[in-house]
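For reference, the structure is listed below as structure tokens.
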Amino acid sequence: MNTCGNLIQLRDAIDLQNHKVNLLGVVVGFSVPRKSKGTDYVSVLKIIDESHQSPDFSVNIFAENLDDLPHVKSAGDLVQLSCVMMKVHNGEVYAVFNKFSSSFALFEGKSCKDLCPYQASSGYCIRGLDEGFIIRLRTWHLNFQLDAGTSAYLLSLKEIKAGGYFDLICKVLLVCEVSKDVWMLFVWDGTDTQPLDFQMKLEDEAHNPLPLQIESSLPRDILGTFPCVGTILRVIADQAYEKLGLHFQGSGQWVRLRNITCQVCSGLWRGVLVPSSKIQLLSNEDNIVAERQREFNKRISTKCGRVPLVNFPCPSPITGISFSVVSEIAFQSTLTDYEHVPFVTLMDLLTYSEVTAKFKCVVRVVAVYPWRAEDFRSPIGLREYRIRLTLEDPTARIHAFVYAEDGVKFFEGYPPIDVLTSKRNKLLGMTENLNSKEDEDAPRNPPWVECCIKSYYLDKSSRWESRHYRIFGTRHVA
DNA sequence: TTGGGG
């Protein structure tokens, strides 16, 4: 048991540099436990109490084992710290937790009545006197609204750009180990990331096809728990982070990811949690969280809510076609037979409850296989169209086939190769008149097009596993 | 010892 005296308030502790103190605070943020540059693991907790709410007060916690560091569950949880040393760095007072002489305990916050910690370091022992402090701090925090605050670094998913560091206020949908020792967060804020240019060569699709997602695919039952509108950003964690899944145990937690960065990988956005990133847990009542949710509810309550945000609600910058309601939406290069069917997202399609179904989506064609128009039809037999398109919207990517009579409709018969090539180029957002090999390899920016997609299966005994998608009822008119 | 936001 640690006996450095009674619990004291942060305001009083700040005057006790180079003394050991006992503290109790509300956790408002933390750095995700990771390997330190020394021999231990480290996590920095940011805490506040009645006497000191701003700026955050830091507690540096070191431990030999990752599991021995605090794993904060929710916004507003309480931490009790015994025998931590008060120090100062660059004029800022902070506390250091010594793995041999200090101890900590984490308690649920706010409305919880339980006085048992959900995690405690070895050597921790609660005293009757401390219980009163815990009850008092919970009561105070009930009526205290701490906001994530704003800053120039704060972006939403629709604003992110590659490179540079920024903060993101988002909901953590899932944390999982996507491959051995590689952890990934799946986060969402209700907006769509911007469509990207594609640098890769068309012919690469044969040997090195564009991936459909960054991770190897998730089981359909997990995918089905995700929102169908708005981009789900994959955030890969630096290798310094081990067992990231110990955190964010309650999925659906809103957080502010501080100082993260972003890369583009195979034409997909990918966030990166770097060693200097921080997590700030937010309550659902946080101002910006509420604003994100309001914006999202406003979006999905409109007829265009499931159309990519970049096309909403104004004329699309890419197609240049103006529209106000879904029935009037027309995309420059395609027409469908199902004018009054509402648009859905590719996530709607992926997570739909039936194997066979029909959908209408607004997508970009980001790759085609085979890539040469002269190979769009089978060389033998009936010489039918058989093409695999890679389609994407802000929510997902899929392969969709253009087959036989659907191909005849799509390409309006069997046009000459040069016309077919021109149609392909337009669909893929390539330079209009290709004069050289360089033009063919120039970055392409596919336009948004509308298309009807049906899902079907190849094998009756494994319908879901053999589910495929096909374009139908769609004409390429450009 | 290690961290310490930009």
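All chains are named by letter (A, B, ...) in the order of the sequence lines, taking the proteins before the strands, and each is independently numbered beginning at 1.
- Summarising the geometry, the separation between NZ on Lys35(A) and C1' on dT1(B) is reported as 16 Å, rounded to the nearest angstrom.
- The nucleotide whose nearest atom lies closest to any side-chain atom of Tyr165(A) is, among dG6(B), dG5(B), dG4(B), dG6(B).
- Donor-acceptor pairing under 3.5 Å, judged by distance alone, is absent between the side chain of Thr39(A) and the base of dT2(B).
- Cation-pi geometry between Lys360(A) and Phe343(A) is satisfied (NZ or CZ under 6.0 Å from the ring centre, within 45° of the ring normal).
- Other residues, nucleotides and ligands place no more than 12 heavy atoms under 6.0 Å from the OH atom of Tyr369(A).
- Computed from coordinates, the Tyr153(A) OH to dG6(B) C1' distance equals 4 Å when rounded to whole Å.
- Whole-Å rounding puts the Leu154(A) CG to dG6(B) C1' distance at 13 Å.
- Looking at Thr261(A), its side chain never comes within 3.5 Å of a backbone N or O of Val272(A) through a donor-acceptor pair.
- Residue contacts for Lys99(A): at a heavy-atom cut-off of 4.0 Å it reaches a base atom on one of the strands shown.
- The local environment of NZ in Lys99(A) is crowded, with over 12 non-hydrogen atoms from other residues, nucleotides or ligands closer than 6.0 Å.
- Contacts of Tyr41(A) with the nucleic acid, taken as non-hydrogen atoms under 4.0 Å apart, are absent.
- A donor-acceptor contact shorter than 3.5 Å links the side chain of Asn22(A) to the backbone of Gly5(A).
- Here the nucleotide nearest the side chain of Lys37(A), chosen from dG4(B), dT2(B), dG5(B), is dT2(B).
- No contact: Asn90(A) has no heavy atom under 4.0 Å from any strand.
- Atom-to-atom, CG of Leu257(A) to P of dG6(B) comes out at 18 Å; the value is rounded to the nearest Å.
- Donor-acceptor pairing under 3.5 Å, judged by distance alone, is present between the side chain of Tyr94(A) and the base of dG4(B).
- Separating the NE2 atom of His89(A) from the C1' atom of dT2(B) is a distance of 13 Å, rounded to the nearest angstrom.
- Following rounding to the nearest Å, Asp56(A) (CG) and dG6(B) (P) show an atom-to-atom distance of 13 Å.
- Separating the CZ atom of Phe62(A) from the C1' atom of dT1(B) is a distance of 8 Å, rounded to the nearest angstrom.
- Between the P atom of dG6(B) and the NZ atom of Lys278(A) lies a distance of 9 Å, rounded to the nearest Å.
- Between dG4(B) and Lys87(A), no contact under 4.0 Å exists linking OP1 or OP2 to a side-chain N or O.
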